[in-house]
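To find a chain, count down the sequence lines: A is the first, B the second, and so on, and within it residues start at 1.
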Amino acid sequence: MLTTEALVKELVEKNGKTRNSLMPVLQGIVQKEHYLSEEALLSVARELDLSAADVYGTASFYTFLDTVPRGKNIIRVCKTITCHMKGKDEVIKVLSNALKVKVGETTHDKKFTLLTANCLGWCHKGPVMLVNDEIYPDLTPQKALEIIEEYAKEEKKA
Amino acid sequence: MENNLKKVDIIFEIDDKCTPLDVVVKTLKRPADEIILDLIDSGLKGRGGAGFPTGLKWKFARNEDSDVKYVICNADEGEPGTFKDREILDRVPEKIFTGMAICGYVVGAKEGYIYLRGEYNFLLKPLTKKLEEYNLFLKKNNIDFNIYLKSGSGAYVCGEESALFESMEGKRGEPRNKPPYPTVAGYNSKPTVINNVETLVYTTMICRIGPEKFRELGTKDSRGSKVFSVSGDTPVPGIYELELGMPLHEFVNEFGDGDVKAVQVGGASGHCVPRKKFNDTIIGFEGIPTGGSMMIFNSSRSMYNVLHDYLEFFAEESCGQCTPCRVGCQQLLKGIEAVKKGERSPAYLDDLKKLTGTMKIAAKCGLGQSVGNPFNSIIDNFREEIIY
């Protein structure tokens, strides 16, 4: 695996050394490392010639640009009204029990983080969740559990 | 009851004899001013929710004197209850690209960007592939226009056009003061046309079918059709393209579950219409305009929960830049909680309504300005549910 510094250099190279590249660079880091460490933020500031405060300011604004450690798989259950009406609470409950974490927490083995999200744009097929970039509509608690088990299996293989 | 609801098939229609690729080649042979006149004639207004006349927007950008201009497709669809743009991006992306290329030709822009919300990242791969093919097609036909894809990172407010530019420029997604408007100084402070996904598809289709056909649909104030995202207590949730200007009761007859108590028109930032007003509510710019979100609630739903959910949403998604919105959203949420618990008298709701009035005039962008829409319409129509 690339070191953080090498990864940042590679992303800056690819996107260009301008402020306009900041979002794609930060997104690229999150994709690989699941969150933005202090080291990553400082490295981006250096490479793009920005102040560290500017970089942190931008990063901390966006929900998907986490600045606290996250698990390898980030689960975001939609909590907005229609998913609420269709039973997102039960989905969260069953995931929370299975993973033994509360919403906002990461499992001890750093494999999963359980989060909620505002409207994911699948209101006709709620409840729904994102796992990383993959979408899972029409959930039931049972289905959600099976999906997470699949991810856990993949983890073991890898 | 008779139902006159007219279903339309323009957005998703596929015609192999006249593909979006044919449309762009044909349209770019016409004088730009003529295309603008067609769009103005058609009566097309922005489909993102704000409803600015599209032809005029293009005209303003065209009239700006600048070497560099941009066309941006706003695919940061974040309004709760809206999911039509995702479907359009998934099913007919070439129609969007074509709208952008035509716009580029009309206003004199060589670069186009699609700002896709982070929640739709699963669309990045297929869209990138289709964009590569499309850009290559443009190049082969000597059309000097290239479209790029940018990704958001989970901020509702970035759907606000100036916040979207800030985000693309690598900054916090905080809305700018207006004026200047995007057609004067948008992305990179250059003249920019920013249109909603659906609006761009309609521009493509108006170029194909002509403004008259589009004008025939809808009403005097709301020409054409619109894609609606229908969700909530309905046996048939999904996406429907309907003629604008329909009375809400016809919509409810078609999509309701027979027990409809209220419809939230226009998403969390829209208006809640109670059953008693279904008959005299028109869906369109002369009545209640909408970006397409139609959330249906039946009699089993607590409107306190609905409002609480919306306010929680706004409190989280407020960018925090201006005080009326940042503090206002929090106080509205705390306020209804306090009234519910009996810590505040029911009359406190009237104070909170005044606060939404302040937010409407003092908040910097549409987010803070429109929180009063759901708040007042729910408090006014379901006051007892908020209190008891």
Can you confirm whether [X] sits close enough to [Y] that some side-chain heavy atom of one is under 4.5 Å from a side-chain heavy atom of the other?
| X | Y | answer |
| --- | --- | --- |
| His84(A) | Asp309(B) | yes |
| Tyr62(A) | Cys158(B) | yes |
| Lys171(B) | Arg19(A) | yes |
| Ser60(A) | Arg172(B) | yes |
| Glu174(B) | Phe61(A) | yes |

So does [X] have more than 12 non-hydrogen atoms from other groups sitting under 6.0 Å from [atom1]?
| X | atom1 | result |
| --- | --- | --- |
| Gln330(B) | CD | yes |
| Glu13(A) | CD | no |
| Asp109(A) | CG | yes |
| Lys17(A) | NZ | yes |
| Tyr56(A) | OH | no |
| Glu38(A) | CD | no |

Which atoms of [X] approach chain A - backbone, side chain, both or neither, heavy atom under 4.5 Å:
| X | result |
| --- | --- |
| Asn305(B) | backbone |
| Tyr120(B) | side chain |
| Lys84(B) | neither |
| Val230(B) | backbone |
| Tyr187(B) | side chain |
| Leu123(B) | neither |
| Thr82(B) | backbone |

Taking every heavy-atom pair that is under 4.5 Å apart, which of [options] has the most such pairs with chain A?
| options | answer |
| --- | --- |
| Glu169(B), Arg86(B), Glu79(B) | Arg86(B) |
| Ser167(B), Ala155(B), Gly81(B) | Ser167(B) |
| Ser300(B), Gly267(B), Pro237(B) | Pro237(B) |
| Arg117(B), Glu77(B), Glu312(B) | Arg117(B) |

Contact summary for [X] and [Y], nearest pair of heavy atoms:
| X | Y | result |
| --- | --- | --- |
| Ser231(B) | Thr82(A) | OG-CG2, 3.4 Å |
| Ile296(B) | Met85(A) | O-CE, 3.9 Å |
| Pro80(B) | Thr80(A) | CB-CG2, 3.6 Å |
| His124(A) | Gly238(B) | CB-N, 3.6 Å |
| Gln27(A) | Ser153(B) | NE2-OG, 3.1 Å |
| Leu120(A) | Glu119(B) | CD2-CG, 3.5 Å |

Verdict with reasoning, Asn20(A) to Met168(B), per side-chain contact (heavy atoms from CB on, under 4.5 Å):
CA-CA 6 Å; Asn20(A) 286 13; Met168(B) 281 179 60; over 6 Å; no

Please work out which of the three classes, parallel, tilted or perpendicular, describes the rings of Phe122(B) and Trp122(A), given edges at 30° and 60°.
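Ring orientation, 0 to 90° scale: tilted.
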
Using a 3.5 Å distance criterion without hydrogens, assess whether the side chain of Lys150(B) forms a donor-acceptor pair with backbone atoms of Pro24(A).
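Not confirmed, Lys150(B) side chain does not pair with Pro24(A) backbone.
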
Rounded to the nearest 0.5 Å, how far does [atom2] of [Y] lie from [atom1] of [X]?
| X | Y | atom1 | atom2 | value |
| --- | --- | --- | --- | --- |
| Asp133(A) | Leu124(B) | CG | CG | 7.0 Å |
| Thr63(A) | Glu317(B) | OG1 | CD | 5.5 Å |
| Cys119(A) | Phe313(B) | SG | CZ | 7.0 Å |

Which atoms of Lys79(A) are under 4.5 Å from chain B, going by heavy atoms: the side chain, the backbone, both sets, or neither?
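For Lys79(A), the contact with chain B is made by backbone and side chain together.
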
Looking at Met295(B), Gln264(B), His308(B), which hits side chain to side chain contact (heavy atoms under 4.5 Å, CB included) with Ile81(A)?
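Single pass found, and it is Met295(B).
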
